Amino acid sequence: MAQCVQSVQEFIQDSFVPMVAVLCSEDAEKVTRKNNLNFSELLRPFCRLTSEGHMRDPSNQLQVVKNLRISVNNVVTRPSVPSSGVPGHAHRRLLSEVVLTCQPAEGGVANVITAGDYDLNISATTPWFEAYRESFLQSMPASDHEFLNHYLACLLVVSSSEAVPVEKFLKLSQEQHRIQHSGEYTNPKWFIPNTLKYYVLLHDMSQGDEQRADSVYEDMKQRYGAQGCYLLKVNSRTAAAGADEQIPDPWSQYLHKSSLQSQDQYEDPAPVVVNNTAVENNVGGTSEVDGHDSEEKDGVLVNSLDNTHPLQLDTPSDTPGSLDALRAVAVETKPPPLTTGVAAATSHGACLTLNDHDRIRLFIQEFTFRGLLPHIEKNIRQLNDQLVSRKGLSRSLFSATKKWFGGGKVPEKSIAELKNTSGLLYPPEAPELQIRKMADLCFLVQLYDLAYSCYHTAKKDFLSDQAMLYAAGALEMAAVSAFLQVGAPRPYPAHYMDTAIQTYRDVSKNMVLAERCALLSAEVLKSQAKYSDAATLLIKMTSEDSDLRSALLLEQAAHCFINMRNPMVRKFAFHMILAGHRFSKAGQKRHALRCYCQAMQVYKGKGWSLAEDHINFTIGRQSFTLRQPENAVTAFRHILTNDSQQTSTQQGAFLREYLYVYKNVTGACEVALPQLPLPCINSSATRVYFGHERRLAEGEKQAATHVSLDQEFDRDLAAMWQDLEEQVVAAAKRGVVPATFQSTQCCLNSQTDNLRFPLAVVEEPIIVEVVFRNPLKVPLVLSDLSLLWKFTLKDFNRPQTQEDSVGDAVPISNEKEASVPRTSQKDDVIATEVISEFYLSPEETKLARLKLLPHQTGQLNILGLVYNLASTSSTGDTTINSTAASQTEGPSAAEGTSVRGRQDLEIQGPRLNQTKEEKTSVSHGPDRRLDPTITPPMPLLEVFFLQFPTALLCGEIRKAYVEFCNMSRVTLCGLRVASTHPDFFTFGSSSLATPLTPLSPTSFENCSAYKTLATPPGATPGSVAAVTLVSEGDFGSGTGLRGGVSGAGTGGKGITEIPLGEGTLKPGESTQLPMWLRGPDQEGVHEIHFLFYYESAEKGGKISHRVLRHTVFICASRSLSVRATACRSNTLPEEEEEERNGSMLVFVDVENINSSEAGVREFHIAQVSSSSKQWRLHKCINPAEDKDCKLTSRERGKLCFRATRCKPLQVTLKAAEKYTFADLSLGNELIITSTTPCADFFFRRCQPLESLRPPVAMETQGRHSRSQGVGHGGGDKDIAGVVRKCNEVDLDIIILWKAFVVEDNKQVILEGQLHVALQTIDKEACSLTPKEEAQEMVLLKFKPELPPPMTRPSMEQLSHLIKTNLQYPESYSHPFNQKSLCMVPVTLTLSNCSLAQVDVIIDLRHKTTSPESLEVHGSFTWLGQTQFKMQLGAQEVMRVQLRACFLHAGVYNLGTPRVFAKLADQGAMCETSQQTATPALIIIINST
Amino acid sequence: MAVCIAVIAKENYPLYIRSVPVQNELKFHYTVHTSLDVVEEKISAVGKAMADQRELYLGLLYPTEDYKVYGYVTNSKVKFVIVADSSNTSLRDNEIRSMFRKLHNSFTDVMCNPFYNPGDTIQSKAFDSMVSAMMVQAS
């Protein structure tokens, strides 16, 4: 129960006050009418006595009567309330009116109650409830079982202007007597038979003769005694005179609410004039009007919200209907009622001065203390005497007989009476009633002790008589008086009250009395902090018969729950909702809304979505009917935005209603576009794309993939592209990446770096991709969807001075234009694309791409989206539309389902996490995705590929064409390309332009990609090597190490400058270039990325360069596997001496490892070429008989070549950098490998090694630095160098092959080349780099790896220092029978392969350790010196003459000499056994 | 047999609510929500010291005209509420107790599911079917 203004004691005292009736003559009535008041109204403000009165109780004790109030009323003979206890219409409406006008103050102070985790904002007081209670108690009908509101006295008022006032008094007195005693009238009930009559002479000061009045008064005093009459002088001034004087109007608050104009005109369509009649019920009251009006009124109250269960959402079936109801209300509320001036503020008491006020006050005091109190005192005494005298006799006798004869049983008659409770009526003079009467009298004059004992006695009597109604009344008053006793000698008997209420309600069926009792009891319980009991009591009193009462009581019960020691928040909320529902049924919409809003605080955001939705929906509707559309919209918004658990039909209804309400809001006021809650936008997932949408293919042309919105963002890929771009920028900027370098981002999303303002180019579209989510289970349709933007014009070409930039910064926006669909939205600045319809299925997430095309430079801000929101036409919707269309306001209703609104795109940047402050607080960085800067035009490159394959054999060479188009109006220059696989493609070398290759793709059909020459006829294939010398720099693919040296052609690693005609591409121009591709060496699918870089020819733009990305996927299948080994040839060449050192054998094993059976038929090895700085292939040793070397599937072939050192004369300083290409054709065509495609790919081959594998790069670096290693320094490093050098070959073999492939029943010849790099003698090298498993599965090393110790050259390496060769006759005839010893001269040739001095030891002794060697070789011995020690200079050749001695004929192996060598200056090192020569067999023939 | 079974998180938001006459769902939501006040009252009445020995079953929370509301609170302050039809007189206290015990066991199983994120609404099928078994068969 809410807090009240009055205390409990005050409240109860005021509820039961002495009643005084008024009978007025017509003249007196006229006098008071001047003030717009009747006599009782005139007195009313002064009815509370400010001074204390005194009276004696029956025991002659003096008692003080404090703060007494009396109630003065006109005599009304018509019963205001039917005796049945059901309040009449007028009564009801009065109460309803009272509640309606008493609304909580706007923005009034609300208490914040904290209960658990709830903070509730609740108004602590409920003035409407107090007002209701007051008027309810005042309008209580008088009943027979109690006397409290029976009239104690009657004021007879006669005007002094009356001709014979005394006669008039007599008449009035007679009338009073008639009313009381004739039995004609039941209604005004009188307390005591001899009612106190008090004669009042009313004198109008402004009119009457004062002396006459005085004399009449004297006369009256004679007649009625000085204490029984009074002369009241009023109207000291005229109404007109008093108009300008401000006198307080004490009547306004008493003639309250009822006579005032209804505050809210919208509430009540017809503020009725009847208001006054309820109070002003004169003798001839206008009852017909009353009844009629109240019916009307009730008709209004029964509105659309009636007859629904409080906890019932509108069932789907009636939603259209309810919508109609809403419409109806909307229509109804539109014309404001014109009944404004009906009860125009009439001022009361216009003719009364302050003196008059005082006179009236004095009159009341005089009347009460002189007239009323003594009268009461006298009556109490009388009654007391009566009772005391009777008590001893009849009461005890009566009860005693009952006890004896009744045997404690209830007499049968009583049972019958119980059933028919109103049947038992005591006669007015019954002794039981006398006790009750005395009790009431005592109660009225605050003699609570006495009253209690009397009530108690009366209660016992009534109960024993089974007079339940009487008993209940006595119980009620006993409880109340017990409570009011000063000092509280006994506890408040709450059970008395409960019994009383129950009896009233169940037995007597008198709800009014029950309600009064409950109100009293609740108030008492509240004062004792028994909130729980009070709540129960109040809730029990709710019933179906009165919505208003139920609502008010439920609300009070709710307040009880919240005021408990442990506040019961949820019960509070629940009962608030119930109260709200009852309020709305009672037509108290404002109160209903307030209740729901208060309950909402509890349910909000706690996960009870079903309940929350229900409340929001109700709030929405109530707000709408109360013309608070903003609130309605907010409430409806809640239903739609939350993740609703409602059914789809329910959601559909919500949506329709929301749209309808929204339409009304926006229709009413022209404001900026409203924010719409639907659909949800995942703003962080917004992506922005700059540039045109790509055409992927145009005929046979295949466009560069670039970036598109269809691609997913990949962090690794992005990093890769950025790396590529950095490389190419570095190359373009001569090796330095500028500090301001920012990688180009074409597509911005949540993962990209959005800190900077992105740059967009004028005349190039900006595409914004927005992610919509439909949270509802009904489809949504957005129409006329477009972007909202703001644009600030800026001219970047003009020199930017500061004042300049400020000067023309006038933002342009399309917000205004966008509010009206289908208007051009400032297309001259920025063209905005409009999506006419966008459909979202239930619970769908869908992307929308919206385009802007800027036509001016400046700063653009994309603000949000604007669209029409509509629910799709379901069946329910169409019915609405059709019905609406049939009505007059058809067009607006038909469009009513669609609302134009906006939603802003606000993207929160990433959370900052750098500094400590940022880590400890939650702050977010900016996100500039949607704020692009529009820059002046830039060139725009498009790249198309023609005849670009998707699958290649490993090493296959294919020719394709690439077309570069400049799509913009600006010249393009500085075109470069960077790639992750630079060995995959080449544009050919610019310096060695090959006129032989056809320039247009059409003429290129089955032509070889290579430049070929027919072999001279007659020449044996493979016998002659064509030799060419080529510098690497010519091929524009320098390895990174040499980048700086060579000219314009080289950039960084993997960067190629594309040879455009004049270095530029004019606007609209396009150029086509050939491009050779070589299948990657590894089989599998390769993802190859190209990054084309270009600049504007006009320098100084905001964008320094632009890039274009392209990604291709190449499927490489296995072709050939080539293994090659180089060996020293031991045979002594027949030719020149110099070449002896430099000859080598190269074995090439070629295997067809192609696994596709269908495709490739066979491979032909067309040619083997070599490329090296030092070696070249000389000739083929085993030319195949059938010229070509064919390999079918899984076949293997072996080729053997001799390689020689290049001519020493070529090894000049300049030629040192040159590569010698030697071509050995095995077919009938000679492919010149030193020209474009072949040499290009050869030079590109090693690049991936360097870029991808740093350890390998180190190795290769070592290889390159070998020339410097010699002669520098000493020690281990030197040895290693020397030794390695001696074993190194550095020869690259290029295998050129042709594959015969059957494709669509057509034979196609494919060509390709494979590279094998021979590095070390005797070490096998393979064209397929071994699988790089080691690379992928590197052990994690936490310590820095120790630098590999400069190991000594291994034994194996050292064993290659000296090359040995035995020269001897192959067969030797010797006559053994003539001479038993055969001596054969043998020459041992030692050649030093290294560039250092070597100590050599030759040991000819047979090894004794191995027995088998003894066995085999024992048959011959070396003669002469068996051990030689010598020193060989660098590359020196030395011969040692040996003699072998044989004893028998036979075949002998002469290869027994063991050669040990060590480097000369390495003393500590022991000699290493050199590799033994191959068996040197000699045949000794006995020549007999 | 129950007409509505609800599981409510420690923070008093619903983890699971199921009621048999579907059209009255809202009413049951309100009923269960309101019953939380009584649950809290009952818990706080036990007092801090005795909180450990507190019986989980709270008994009848309050009767309404049509329904009886029973409560049960786990040690982790998760509340179970069962609403039964008042007219169903065959339902004894013991049976309600065993229903709660079953509910608690099943709830524990849900919590043990490593894929269940504590605090989410319960969507377990096993739990659902167990609850269905305890409900009045809607006819």
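Each chain gets a letter, A, B and so on, in the order its sequence line appears, and its residues count up from 1. Computed from a predicted model, the values in this text were never measured in an experiment.
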Give the ring-plane orientation class for B:Y30 versus A:H614, where under 30° counts as parallel, over 60° as perpendicular and anything between as tilted. perpendicular
Using every non-hydrogen atom in the two residues, find where A:W608 and B:N12 come nearest and quote the distance to one decimal. NE1-O, 3.0 Å
Test applied, ring pair (Phe, Tyr, Trp, His ring centres under 6.0 Å); reference residue, B:H33; option that passes from A:Y603, A:F572, A:F574: A:Y603
As an exercise, state the distance from OG1 of B:T31 to CZ of A:R570, rounded to the nearest 0.5 Å. 14.0 Å
State the OG1-NZ distance between B:T34 and A:K571, to the nearest 0.5 angstrom. 8.0 Å
